[in-house]
Amino acid sequence: MSFPLLTVTAAVPAVGAILTAAVPAARRTAAKWLALLVSLATLVLAGIVFVRFEPGGERYQLTESYAWIKDFGVRYELGVDGIGVALIALTALLIPFVILAGWHDADPLETSSKRWRPTQGFFALILMVEAMVILSFEATDVFLFYILFEAMLIPMYFLIGGFGDRAHAGSDENAAAQRSYAAVKFLLYNLVGGLIMLAAVIGLYVVAGNFSLTEIAGARADGSLEIATSTERWLFLGFFFAFAVKAPLWPLHTWLPNAMGEATAPVAVLITAVVDKVGTFAMLRFCLGLFPEASKWATPAIVVLALISIVYGALVAVGQRDIKRLVAYASISHFGFIILGIFAMTSQGQSGATLYMVNHGISTAALMLVAGFLISRRGSRLIADYGGVQKVAPVLAGTFLIGGLATLSLPGLAPFVSEFLVLVGTYARYPVAGVIATTGIVLAALYTLVLYQRTMTGPVKEEVRNLPDLRPRELAVVVPLIAVLIFLGVFPKPLTDVVNPAVRHTMSDVQQKDPQPEVEAAK
């Protein structure tokens, strides 16, 4: 039996979470360092997975398969394709920075009980989310994926509801109630989506007789498994609804601004840069892989919803007065681009969508974490409470600007490559949709530059006059993220080499070929 690398990669943060939670209450610093070391060990393992993956090899590699619930045909079955490998690398890369950025976010207040261990719980929950997300990118058994898809809601619920933005809490008597509302809304939206998906999972088992993604997809490809058109469409809708809530796609998006606004900045990054990627990843792996005909049938409607998400999210971001909610609505717009690329049904669109998942995660992490450092200094999320920050904290302002420019997909930074591919791939099949989607670029420039202008330029407000610049720990968070954004902006080949073969397999699943450009015959 080969070494179970995929299992170990997910097991390390899971075991680390248990050990971190068990650290005595008085050893908060030890718990922090333990969580950080565990996240770095997971990053090393994810790097080994990335290196061992052969882009030109089998579709699913490093596979593991063990009997789990034999009576129902459920197996513990893992395997990664290029898309899964890229997202595992993203997750493992971001978690150490999330932990470093939140180093003091869960330190107990003076009034807290000595027996309560909020610090240990905070970092243990982050590691548990990491374990579940990585395993969900590896799962090739539909039932196993569903369990993980739902289970990750539990630690996220406690991270949102139990560990809010203290700067905001200190100035608002209703902060605890607002955090509770945001956490419950997050949980209910995703639970409803999950329950609908459960019905579809059961329906899939009834028609297919097992939960194995590879077996079902293979049987559909060779014609040994036929699913009635109406049944396939209903099953597709059940899966897609759950993934659209997680992504999130308009009009199922309303939980995201509340959750990101009330959570700490590191937890907000965990939500939009890590957890939400499970939804868009699952659209590629399960919706297109299991229900190719239904995917093509639903494409026109999904393209319209994606366009609404792009334009709506950007427009609402322009009018925001809250920094964190602005980033949340910008993310809704970006997820619209990702979903548009997936359902453009072109290789450029799907490659761009996968790269967008990675690049959006890095750029949003950079912007949101710097915004969190800014908010913790001033004690306010309101844009109007800032002004002239670049004169008193130039490094903070400079890194904030780079994160913002990455968000608007400036050429030379990583998101530009992915957004360009999505637009090219969309225009090749749906020219009108491609043109409409470009309005998202214009609006992104507007909300990003206006945000920077109002917070960082102009006269120095009295409240920010003594604002300290970024500290060494904070620089250790931001500088590597910016370096990765620049590297992937000028040299995306390491990712495209891994992603493109997986995209070709997905295009084969839905029996689609790239549209050929029309060339006029020479006269």
Side-chain angles (χ1 to χ4, degrees), residues 3-49 62 64 66 68 76 78 87-109 112-139 144 147-163 263-267 269-271 273-275 278 365 369 473 476-477 480:
F3 181 73
L5 180 59
L6 297 185
T7 294
V8 172
T9 304
V12 166
V15 174
I18 296 171
L19 295 177
T20 301
V23 172
R27 305 292 300 275
R28 294 193 304 273
T29 302
K32 297 175 185 179
W33 280 107
L34 176 59
L36 181 60
L37 291 174
V38 168
S39 68
L40 291 174
T42 306
L43 178 58
V44 171
L45 290 168
I48 296 173
V49 171
L62 306 175
E64 303 173 31
Y66 311 97
W68 183 16
Y76 176 80
L78 308 180
L87 293 174
I88 290 170
L90 169 69
T91 303
L93 174 67
L94 291 182
I95 296 301
F97 299 120
V98 167
I99 290 173
L100 266 178
W103 201 252
H104 297 298
D105 285 358
D107 286 350
L109 301 173
S112 299
S113 168
K114 293 182 179 180
R115 295 183 180 180
W116 190 48
R117 296 183 288 185
T119 304
Q120 288 85 334
F122 180 73
F123 292 105
L125 290 170
I126 290 174
L127 291 176
M128 189 57 67
V129 171
E130 180 183 23
M132 292 179 180
V133 170
I134 288 176
L135 203 56
S136 69
F137 291 142
E138 299 171 346
L144 173 62
I147 295 297
L148 296 165
F149 186 83
E150 291 290 88
M152 69 179 68
L153 300 179
I154 299 171
M156 286 306 308
Y157 169 80
F158 288 109
L159 283 170
I160 296 168
F163 301 92
T264 64
V267 172
V269 170
L270 198 63
I271 295 168
V274 177
V275 172
V278 176
L369 292 178
R473 173 180 60 85
V477 171

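Note that the coordinates shown come from a computational prediction; the quantities given were computed from them, not determined experimentally. We use all heavy atoms of the structure for the numbers below, so side chains are in, but hydrogens, waters and symmetry mates are not.
Checked against F123 for a side chain to side chain contact (heavy atoms under 4.5 Å, CB included), the options I99, V38, D105 give a single hit: I99.
Minimum interatomic distance between L148 and S136 (heavy atoms only, all atoms of both residues): CD1-N, 3.7 Å. The shortest heavy-atom contact between L94 and A365 is CD2-CB, 3.9 Å. Minimum interatomic distance between G121 and F163 (heavy atoms only, all atoms of both residues): C-CZ, 4.4 Å. Taking both residues in full, the closest heavy atoms of F97 and A476 are given as CE2-O, 3.6 Å, listed atom of the first, atom of the second, then distance.
Applying the side-chain hydrogen bond (donor to acceptor under 3.5 Å, both in side chains) test to T29 and every residue at least two apart in sequence or in another chain returns nothing. Evaluation of the side-chain hydrogen bond (donor to acceptor under 3.5 Å, both in side chains) rule for E150 yields no partner, not counting sequence neighbours. Not counting sequence neighbours, I18 has no partner by the side-chain contact (heavy atoms from CB on, under 4.5 Å) test. Every ring pair (Phe, Tyr, Trp, His ring centres under 6.0 Å) that F137 has, sequence neighbours left out, goes to F281. Shown here are the ring pair (Phe, Tyr, Trp, His ring centres under 6.0 Å) partners of W33, two or more places apart in sequence or in another chain: W103. A search for side-chain contact (heavy atoms from CB on, under 4.5 Å) contacts involving A101 returns P266, L369, F373, V477, not counting sequence neighbours.
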Side chains of residues 152-159: which donor-acceptor partners sit under 3.5 Å, not counting sequence neighbours?
none

Extract all donor-acceptor atom pairs below 3.5 Å that involve side chains of residues 125-132 and protein atoms in other chains or at least two apart in sequence.
none

What pairs of donor and acceptor atoms, side-chain ones from residues 19-26 against any protein atom, are under 3.5 angstrom apart with sequence neighbours left out?
from: T20; atom 1: OG1; to: G16; atom 2: O; distance (Å): 2.7

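Distance CD1/I88 to CG/L135: 9.0 Å, rounded to 0.5 Å. Put simply, CD1 on I147 and CH2 on W68 are 5.5 Å apart, with the number rounded to the nearest 0.5 Å.
Side-chain contact check for L100 versus R473: some heavy-atom pair is nearer than 4.5 Å. Counting only heavy atoms from C-beta outward, the side chains of V278 and L87 never approach each other to under 4.5 Å. T42 is listed as a side-chain neighbour of I134, based on a closest heavy-atom distance under 4.5 Å.
Listed by first and then second residue, the salt bridge (Lys or Arg N to Asp or Glu O under 4.0 Å) pairs involving residues 11-31 amount to none (not counting sequence neighbours). Screening residues 4-13 for side chain to side chain donor-acceptor pair (under 3.5 Å) gives T7-E64, T7-Y76 as the qualifying pairs, with residues at least two apart or on separate chains.
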